[in-house]
Amino acid sequence: MNILILGSGGREHTFAWKIAQSPLCNSIYVAPGNSGTAQIANNLDIKVTDFQAIKKAVLEYQIQMVVVGPEDPLVQGVHDFFLKDEDIKHVSVIGPQKAAAKLEGSKEFAKEFLARHNIPTAAYQSFDSSNVEEGYAFLETLKPPYVLKADGLAAGKGVLILNDLNEAKTELKSMLIDAKFGEASNKVVIEEFLDGIELSCFVLTDGENYKILPTAKDYKRIGEGDTGLNTGGMGAVSPVPFATDDFLNKIEERVVKPTIEGLKKDDLPYKGFVFIGLIKVGDHPKVIEYNVRMGDPETEVVLPRLKTDLVEIFKAIANQTLDKIDIEIDPRAATTVMLVSGGYPEAYEKGKEITGLEHVIDSIPFHAGAINKNGKIITSGGRVMAITSFGDTYEEAIKKSYQNIEKLHFDKMNYRKDIGFDL
Ligand code: AMP
Ligand code: GLY
């Protein structure tokens, strides 16, 4: 079959790389894609939220399956758009419908879901411009640090963690009254700070059955030792060494099962990936967020470890036969290190030529913010390329990634040299 992937990052290059290995797939299309997907698929110059243009491409290229990378099209209802249209409703869409995508699109909705289904999470209350004073009063009952979350999608910037009570009050006002994050901060969730180490759990569901994929840990801060500004992710490791069988069992029983059951009970149609952000507090998993897609750069370490044919899995999701599939995982560790443009996550320059890719041995360079121009590969974003490697241990894998990075170059290239430092 012909498959269309929506998105343009390292995650989507990894999807294309994995799908290209399937005998079930004829042609792969990626909208809009990057220089990595261009090597193995056909890039289409279409925005991920331009549903009419996507429909046109689906008909023109006889696409039978659409795999949605980022959250925006899901939150805007791309799956529902397909189901409502006679011409394309036969096409399988991998990604939840709009009602379920709200788990990522609204923090308040996610917190209510967690509470309703008794899934462990931080205590919280939510506020809007009509009850800011109550928000101040709630902050006064909490101990620092204070966690403020814009309800809506804010490009990964909507969470503030503040040590000072007055600062927390000022920020709450600026979010609710001065629209600091635009409409996304019309509502704000204030929650208890959870002290522990983070990891992510990835679940596939067809709405009835589920399969758990390997865990991963990403490194979100720009600076070594997890310091400085938040980024989309600077590197990742899978599996997570501290996720013992006992702890994984707790995640499955206390979080995964009630989540999948909760989706059914609440009538939230879901065929796709559930990305559960967790914090290990003592020996207990607590949910900090749901995302309705795969993580980036977590995909770059999770999918390479998947031995099962991904297209077969996606077909089973579409046909609601996921229970018939065996998921086989490579026991080796995988790590990835993200090369970023100097200055990122603040202002940075684009258009820098990337060289040395032909010298990479025994690592996979997944392209992210990189495009082809005049026969060259040039940077086009903040996160440029994720260098993934395997090893018997994560230490061995990370060493390979760093050895290969030595061979790569672009002007003002930056990366973290301590991925895995805390494990
Ligand atoms: P989120 O967008 O909800 O994933 O939050 C972004 C980041 O903020 C998370 O990856 C955590 O590092 C941190 N965070 C979110 N909620 C909490 C919490 N309740 N306690 C501690 N850290 C949190
Ligand atoms: N790496 C975190 C995310 O994809 O949201």
Side-chain angles (χ1 to χ4, degrees), residues 9-23 36 39-40 197-204 211-219 233-249 251-252 256 273 275-276 278 280 294-314 325-339 357 359-368 385-408 415-423:
R11 169 180 52 210
E12 288 75 19
H13 184 194
T14 314
F15 273 126
W17 171 86
K18 183 71 188 160
I19 287 172
Q21 296 164 19
S22 170
Q39 295 167 358
I40 46 179
I197 185 160
E198 279 181 58
L199 76 159
S200 301
C201 165
F202 301 94
V203 183
L204 282 161
K211 295 282 174 185
I212 300 181
L213 292 170
T215 51
K217 182 175 189 335
D218 82 335
Y219 291 81
M234 297 294 290
V237 175
S238 176
V240 180
F242 62 81
T244 58
D245 285 348
D246 176 53
F247 188 64
L248 290 175
N249 192 43
I251 294 175
E252 179 162 9
V256 176
F273 292 94
F275 165 166
I276 310 176
L278 298 161
K280 182 173 184 266
M294 276 300 287
D296 192 351
E298 292 92 330
T299 306
E300 289 92 306
V301 291
V302 171
L303 285 192
R305 295 188 60 222
L306 179 67
K307 287 181 158 180
T308 316
D309 183 337
L310 187 59
V311 179
E312 208 170 295
I313 295 176
F314 285 161
I325 296 267
D326 279 324
I327 303 275
E328 210 192 326
I329 301 299
D330 190 324
R332 290 177 300 168
T335 58
T336 201
V337 178
M338 192 61 85
L339 307 180
L357 282 164
H359 302 301
V360 171
I361 301 166
D362 215 15
S363 289
I364 315 163
F366 289 118
H367 298 209
M385 205 165 275
I387 312 301
T388 294
S389 313
F390 281 110
D392 288 333
T393 60
Y394 76 86
E395 290 97 332
E396 202 181 290
I398 204 83
K399 207 167 134 192
K400 268 188 222 167
S401 289
Y402 285 125
Q403 278 166 353
N404 277 307
I405 287 170
E406 293 287 310
K407 304 169 192 166
L408 297 172
Y415 60 93
R416 266 181 69 170
K417 293 163 194 72
D418 69 342
I419 300 304
F421 80 98
D422 55 340
L423 298 176

Novice: Minimum heavy-atom separation for N404 and D362, please, with both atom names.
Specialist: ND2-C, 4.2 Å

Novice: Are L213 and V203 packed together at the side-chain level, in the sense that at least one heavy-atom pair is separated by less than 4.5 angstrom?
Specialist: no

Novice: Tell me whether T336 contacts the main-chain N or O of I387 through its side chain, where contact means a donor paired with an acceptor under 3.5 Å.
Specialist: yes

Novice: Mind checking the CD1-OG spacing from I19 to S22? Nearest 0.5 Å is all I need.
Specialist: 8.0 Å

Novice: Quick check for you: to the nearest 0.5 Å, what is the distance between L339 atom CG and F366 atom CZ?
Specialist: 13.5 Å

Novice: Show me the donor-acceptor pairs within less than 3.5 Å that the side chains of residues 416-423 make with the rest of the protein, sequence neighbours left out.
Specialist:
unit_1, atom_1, unit_2, atom_2, d
R416, NE, G223, O, 3.4
R416, NE, D418, OD1, 2.8
R416, NH1, R221, O, 2.9
R416, NH1, G223, O, 3.3
R416, NH1, D226, OD1, 2.9
R416, NH2, D226, OD1, 3.1
R416, NH2, D418, OD1, 3.2
R416, NH2, D418, OD2, 3.2
K417, NZ, Y415, O, 3.3
D418, OD2, G225, N, 2.6
D422, OD1, Y219, OH, 2.6

Novice: To check you understand the geometry: which heavy-atom pair defines the closest contact between D218 and G233, and what is its length?
Specialist: OD2-CA, 4.3 Å

Novice: Please round to the nearest 0.5 Å and tell me the distance separating atom CD1 of I313 and atom CG of L306.
Specialist: 4.5 Å

Novice: Measure the spacing between OG1 of T308 and CD of E328 and express it to the nearest 0.5 Å.
Specialist: 6.0 Å

Novice: When you measure from the side chain of T215 to the backbone of V240, do you find a donor-acceptor pair of N or O atoms at a distance under 3.5 Å?
Specialist: yes

Novice: Who passes salt bridge (Lys or Arg N to Asp or Glu O under 4.0 Å) against K280, sequence neighbours left out?
Specialist: D283

Novice: Treating K400 as the side-chain partner and S389 as the backbone partner, does any N or O pair qualify as donor plus acceptor under 3.5 Å?
Specialist: no

Novice: Can you tell me how far apart CG (D296) and OG1 (T14) are? Round to the nearest 0.5 Å.
Specialist: 7.0 Å

Novice: Which label fits F15 and F273: parallel for a plane angle under 30°, tilted from 30 to 60°, or perpendicular past 60°?
Specialist: tilted

Novice: For N249, look at atom CG and say whether over 12 heavy atoms of other residues, nucleotides or ligands are found less than 6.0 Å away.
Specialist: yes

Novice: Do D330 and P304 have side chains that get closer than 4.5 Å, going by heavy atoms?
Specialist: no

Novice: Checking L199 against F247 for the side-chain contact (heavy atoms from CB on, under 4.5 Å) test, could you report, in this order, the C-alpha distance in whole Å, the side-chain angles of both residues, the deciding distance, and whether it holds?
Specialist: CA-CA 12 Å; L199 76 159; F247 188 64; 3.9 Å; yes

Novice: Would you check if the side chain of E12 reaches a backbone N or O of G9 as a donor-acceptor pair within less than 3.5 Å?
Specialist: yes

Novice: My understanding is that only residues two or more places apart in sequence, or in another chain, count here; which of them pass side chain to side chain donor-acceptor pair (under 3.5 Å) with E396?
Specialist: none

Novice: With side-chain hydrogen bond (donor to acceptor under 3.5 Å, both in side chains) as the rule and sequence neighbours excluded, what pairs involving residues 297-307 come up?
Specialist: S238-R305

Novice: Looking only at heavy atoms, what is the nearest atom pair of A216 and F202, with distance?
Specialist: CB-CE1, 3.9 Å

Novice: Give the minimum heavy-atom separation between S200 and F275, together with the two atoms involved.
Specialist: OG-CE2, 3.5 Å

Novice: Does any part of the side chain of I40, heavy atoms only, come nearer than 4.5 Å to the side chain of H13, both counted from C-beta?
Specialist: yes

Novice: Residues in side chain to side chain contact (heavy atoms under 4.5 Å, CB included) with D246, at least two apart?
Specialist: T244, K250

Novice: Would you please name every residue forming a salt bridge (Lys or Arg N to Asp or Glu O under 4.0 Å) with K211, sequence neighbours left out?
Specialist: none

Novice: Give the minimum heavy-atom separation between V301 and A236, together with the two atoms involved.
Specialist: CG1-O, 3.6 Å

Novice: Could you give the distance from CG (L278) to NZ (K217), rounded to the nearest 0.5 Å?
Specialist: 12.0 Å

Novice: Heavy atoms only: give me the nearest G391-R332 pair and the separation to one decimal.
Specialist: O-CB, 3.4 Å

